[in-house]
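Position 1 is the first residue of the sequence; numbering continues from there. Keep in mind that the numbers below use all heavy atoms, side chains included, and drop hydrogens, waters and symmetry copies.
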Amino acid sequence: MIKKRIIPCLDVKDGRVVKGVQFKGLRDIGNPVELAEYYNNEAADELVFLDISKTENGHQMMLDIISETASKLFIPLTIGGGISTIDDISSLLNHGADKISLNSSALNNPSFIKEASEKFGKQCICIAIDAKWEDDKQDWYCYTHGGKKRTDKRVLDWVEEVESLGAGELLVTSMDYDGVKQGFDHTLLSEIKKHVSIPIIASGGGGNSQHFVDLFKQTDVSAGLAASIFHDKETTVQAVKSHLAKEGVDVR
């Protein structure tokens, strides 16, 4: 049995960590380097750093901040946000990233996944999916640009495609559940799991320790990711892990 992972997420805009609800109403949380150090000491299993201003504004990657963040970590660091070339990936790996998260660029150019996977190894390539249920289509669809643009790509088709192209992991955010803190989207995650065999990181909806217990007992995902509940100290990574262990969930 592979042990479950708990992963905090830093959404970084213009050099500051921010958080919103359903991708809107962003508020300032703090300094990414200080938060990374805190989570490293809190026994987080990994850290995800998403530069959410990059895709929208196309500014230069914050390599100095990323380097400084990586220097504080003894856990894997995944970087995402506006990564569109092999050179981007090389640069990020050289500045301390362990894994790369692709979203818009992968949807715009699926062959980029294959190219990146073959060059850097599939363990390095994580595909981020911002998924939203559409009543008019009665299905989940992929969104880009920080949840602002709906694509014509069905989530369940896309996950199969990215696995076949060499993705090593999925980071699935339920936009419907994001920031609401009412629990994870078990229906979406269970459906995706039927279509792929690669690990899934679940994001969107984690509000307390019990939500992580429910996530791991009701779906076969590999990891649970959260932001605001950890940033606001409503709970801690260690508290979540202790609760999971008591409930019989095997954590790292």
To the nearest 0.5 Å, atom CD1 of Ile127 lies from atom CG of Asn103 at 8.0 Å

Open item on the list: Within the structure provided, determine whether Val33 and Glu68 are in side-chain contact (heavy-atom separation under 4.5 Å).
Closed with: yes

Checklist entry - Below 4.5 Å, heavy atoms only, C-beta onward: do Leu73 and Leu47 meet side chain to side chain? => result yes

Original post:
Does the Asp157 side chain pair with the main chain of Lys153, one donor and one acceptor, at a distance under 3.5 Å?
Top reply: no

Are Leu10 and Val48 packed together at the side-chain level, in the sense that at least one heavy-atom pair is separated by less than 4.5 angstrom?
no

Exercise for review: Can you establish whether the number of heavy atoms outside Asn94 located under 6.0 Å from its atom CG is more than 12?
Suggested key: yes

- Side chains of Ile200 and Ile192: does their closest heavy-atom pair fall under 4.5 Å? yes

Self-check item: side chain to side chain contact (heavy atoms under 4.5 Å, CB included) evaluation trace for Cys126 with Leu170
Solution: CA-CA 5 Å; Cys126 175; Leu170 300 176; 5.9 Å; no

Before accepting this row, confirm whether a basic side-chain N of the pair Lys114/Glu118 lies closer than 4.0 Å to the acidic partner's carboxylate O.
yes

Next item on the list: Decide, yes or no, whether a salt bridge links Lys194 with Asp220 under the criterion of side-chain N to carboxylate O below 4.0 Å.
Entry: no

When rounded to the nearest 0.5 Å, the distance separating OG of Ser222 from CG of Asp45 is 11.5 Å

Is it true that Tyr38 and Phe230 have ring centroids separated by less than 6.0 Å? no

Under 4.5 Å between any side-chain heavy atoms of Ile100 and Leu92, yes or no?
-> yes

When Tyr143, Trp140, Tyr177 are each screened for ring-ring contact (aromatic ring centres under 6.0 Å, His included) with Trp133, the one that passes is Trp140

Is Glu234 paired with Lys181 through a side-chain N to carboxylate O contact shorter than 4.0 Å?
yes

Keeping Gln138 on the side-chain end and Asp135 on the backbone end, is there a donor-acceptor pair under 3.5 Å?
yes

All heavy atoms of Ala43 vs all of Val237, minimum pair found to be O-CG1, 3.7 Å

Can you tell me if Lys246 has over 12 outside heavy atoms packed within less than 6.0 Å of its NZ? no

Checklist entry - Between Lys217 and Asp250, is the closest basic N to carboxylate O distance under 4.0 Å? => result no

Keeping the roles fixed (side chain from Ser117, backbone from Gly166), state whether a donor-acceptor pair exists under 3.5 Å.
yes

- Query: If only atom types and distance count, is the side chain of His243 paired as donor or acceptor with the main-chain N or O of Ala239 below 3.5 Å?
  - Reply: no

| Pairwise side-chain contact, Ile229 with Asn208, heavy-atom cut-off 4.5 Å (strictly under) | no

**Q.** Distance-only donor-acceptor check, side chains Asp214 and Gln210, under 3.5 Å
**A.** yes

Interatomic distance, CG@Leu63 vs CD1@Ile65, rounded to 0.5 Å, equals 10.0 Å

Can you list the steps and then say if Lys122 with Glu115 is a salt bridge (charged side-chain N to carboxylate O under 4.0 Å, His left out)?
-> CA-CA 10 Å; Lys122 65 165 51 182; Glu115 187 185 0; over 6 Å; no

The reported gap from CD1 in Ile29 to NE2 in His231 (rounded to nearest 0.5 angstrom) is 5.5 Å

Note: Leu102 and Ile125 closest approach over all heavy atoms is CD1-CG2, 4.2 Å

Here the gap from Thr69 atom OG1 to His95 atom NE2, rounded to the nearest 0.5 Å, amounts to 12.0 Å

side-chain contact (heavy atoms from CB on, under 4.5 Å) filter on Asp28, not counting sequence neighbours, yields Arg16

Note: Leu26 and Ile52 closest approach over all heavy atoms is CD1-CD1, 3.9 Å

Shortest non-hydrogen pair, Ala227 vs Cys9, comes out as CB-O, 3.6 Å

State whether the side chain of Thr173 and the backbone N or O of Met175 hold a donor-acceptor pair below 3.5 Å, judged by distance alone. no

Exactly one candidate in Ser203, Ser174, Ser190 meets side chain to side chain donor-acceptor pair (under 3.5 Å) with Asp185; the answer is Ser174

| Sub-4.5 Å side-chain heavy-atom contact between Leu225 and Pro8 | no

Check your understanding: For the side chain of Gln238 and the backbone of Thr235, is there at least one donor-acceptor N/O pair under 3.5 Å apart?
Key -> no

**Asked** Between Glu46 and Lys99, does at least one N-O distance fall below 4.0 Å, as a salt bridge requires?
**Response** yes

Between Ala167 and Ile113 the two heavy atoms that sit nearest each other are N-CG2, 3.9 Å

Here the gap from Ile201 atom CD1 to Thr78 atom OG1, rounded to the nearest 0.5 Å, amounts to 6.0 Å

Measuring only between side-chain heavy atoms, which start at C-beta, is Ile198 closer than 4.5 Å to Glu163? yes

Could you tell me whether a side-chain N or O of Asn108 sits under 3.5 Å from a main-chain N or O of Ser104, the two making a donor and an acceptor?
-> yes

Quiz prompt | Donor-acceptor under 3.5 Å (Asp98 side chain, Leu77 main chain) | solution = yes

Would the distance check show the side chain of Ser91 and the main-chain N or O of Asp88 forming a donor-acceptor pair, the cut-off being under 3.5 Å?
no

If Ile, Leu, Val, Met, Phe, Trp and Tyr residues are connected whenever their side-chain heavy atoms lie under 4.5 Å apart, and connections chain through other members, are Tyr141 and Leu156 in the same group?
-> no

Ser90 (side chain) donor-acceptor with Asp87 (main chain) under 3.5 angstrom = no

